[in-house]
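Reviewing the structure listed below.
Counting starts at 1 for both ligands and their atoms, following the listed order. The shown structure was predicted, so the numbers you read here are calculated from the model rather than taken from an experiment.
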Amino acid sequence: MSKINKILKKKNKSKIVSLTAYSTSIAKILDNYCDIILVGDSMANVLYGMKNTHNIKLNTIIQHSISVKRGIKKSVLVVDMPKGSYQNPSQAKKNAKFIFKKTKCDAIKIESNNKNFKIIKEIKKAKIPVMGHIGFTPQFDKKFKVKGKNKEEVKTLIKEAISIEKAGAFSIVLECVTPNAAKCITKKLKIPTIGIGSSSNCDGQILVTDDILGLSGFYPKFVKKYINLNAIIEKAVKQYSKDVTKKIFPRNKNFLYGK
Ligand code: KIV
């Protein structure tokens with residue numbers, strides 16, 4: 001069974017575990033515990049300190065995806081298409097094929113602006129599996145907003161999700177939609193929904209790894225911080241600085257040759 005079919009089969013059976021990665025070392029760890037590893041354009045904020053995801057380059061995402069791929073044995077590798085790389089069906093297909101060839105990923109992800117269903121169809125025609133992304137979509141939404149707060153919004157989200165499924169996507173990220181919207185969409189779709197800030201009413205969950213590790217400094221309510229790596233790293237670096245200053249490091253045992 002293909003990796004993508006395994007994800008599809010999980011719907012209504014077991015939860016899909018997903019996290020982001022931008023490097024081989026992190027991917028190696030995640031690979032033992034995740035069904036899906038996403039090279040997200042969130043790297044713009046998290047790794048490159050940009051104020052949003054709008055200016056991360058296609059080649060930057062590709063380089064990080066090549067690194068992540070080296071750490072993966074079993075998980076499904078999904079690569080985010082950056083803003084501006086899928087503005088029309090032919091450009092989207094060309095760039096998706098380029099990403100697929102260069103990174104050897106299993107699928108690509110595109111954010112929805114409630115219009116780009118043809119783009120999904122076109123990429124799918126090139127035999128590249130597509131993950132959709134609705135709700136709060138950082139590439140298109142100017143301001144953060146939880147989606148699905150009233151009946152009308154829920155209806156719009158369901159319609160958008162169904163169109164994405166019909167266009168051929170194999171799964172869909174629901175970012176910051178209400179628990180009710182997540183429940184309705186998950187029930188309506190045959191493909192799995194992967195939630196971020198969208199309650200447990202989804203077929204799976206995704207978070208940004210740097211957030212759960214306490215590395216990014218971004219901890220909204222929907223993130224569970226499992227460890228404070230910032231504090232741990234700071235402690236180690238402080239000790240190293242002290243050791244070098246006080247001539248405690250390096251010791252003779254750290255010398256490669258002689259005394
Ligand atoms: O870019 C990203 O990391 C994402 C996830 C948060 C879903 O799109």
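Residue Lys225 places its NZ atom among more than 12 non-hydrogen atoms of other residues, nucleotides or ligands, all under 6.0 Å distant. In Lys10, the NZ atom is crowded: over 12 heavy atoms of neighbouring residues, nucleotides or ligands sit closer than 6.0 Å.
Neither the backbone nor the side chain of Thr53 comes within contact range of ligand 1; no heavy atom lies under 4.0 Å. Counting heavy atoms closer than 4.0 Å to ligand 1, residue Glu111 contributes nothing at all. Contacts of Leu207 with ligand 1, taken as heavy-atom pairs under 4.0 Å, are absent altogether. By the criterion of a heavy-atom distance under 4.0 Å, neither the backbone nor the side chain of Met43 is placed next to ligand 1.
Side-chain rings of Tyr48 and His64 approach one another, their centers coming within less than 6.0 Å.
Grouped with Phe136 in one hydrophobic cluster are Phe144, Val146, the linkage being side-chain heavy-atom contacts under 4.5 Å among Ile, Leu, Val, Met, Phe, Trp and Tyr residues.
Screening Ile108, Val79, Thr103 for a side chain to side chain contact (heavy atoms under 4.5 Å, CB included) with Ile61, the sole residue that qualifies is Val79.
Counting only heavy atoms of the protein, atom 4 (C) of ligand 1 lies nearest to Leu38 CD2, 3.5 Å. For atom 8 (O) of ligand 1, the closest non-hydrogen atom of the protein is Lys109 NZ, 3.0 Å. Scanning the protein for heavy atoms near atom 6 (C) of ligand 1, the closest one is Ile196 CD1, 3.5 Å.
Close contacts between ligand 1 and Asp80 involve ligand atoms 1 (O), 2 (C), 8 (O) [criterion: under 4.0 Å to a heavy atom]. Numbered from 1 in the order shown, with element, the atoms of ligand 1 that lie under 4.0 Å from a heavy atom of His133 read 8 (O). For ligand 1, the atoms sitting less than 4.0 Å from at least one non-hydrogen atom of Gly40 are 1 (O), 2 (C), 3 (O), numbered in the order shown with element in parentheses.
Note: an N/O pair closer than 3.5 Å links Ser42 and ligand 1 by distance alone. Backbone and side-chain nitrogen or oxygen atoms of Tyr22 are examined, and none is located within less than 3.5 angstrom of a nitrogen or oxygen of ligand 1. Backbone and side-chain nitrogen or oxygen atoms of Thr20 are examined, and none is located within less than 3.5 angstrom of a nitrogen or oxygen of ligand 1.
Note that the CG atom of Asn230 and the CD1 atom of Ile227 stand 11.0 Å from one another [nearest 0.5 Å].
Salt-bridge formation is detected for the pair Glu153/Lys145: a Lys NZ or Arg NE/NH1/NH2 atom is positioned less than 4.0 Å from an Asp or Glu carboxylate oxygen.
With sequence neighbours left out, Ser18 forms a side-chain hydrogen bond (donor to acceptor under 3.5 Å, both in side chains) with no residue at all.
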*asked:* Before you tell me yes or no, could you show the steps for Ser67 and Ser23 under side-chain hydrogen bond (donor to acceptor under 3.5 Å, both in side chains), namely the whole-Å CA-CA distance, both residues' side-chain angles and the distance that decides it to 0.1 Å?
replied: CA-CA 5 Å; Ser67 170; Ser23 66; 5.3 Å; no
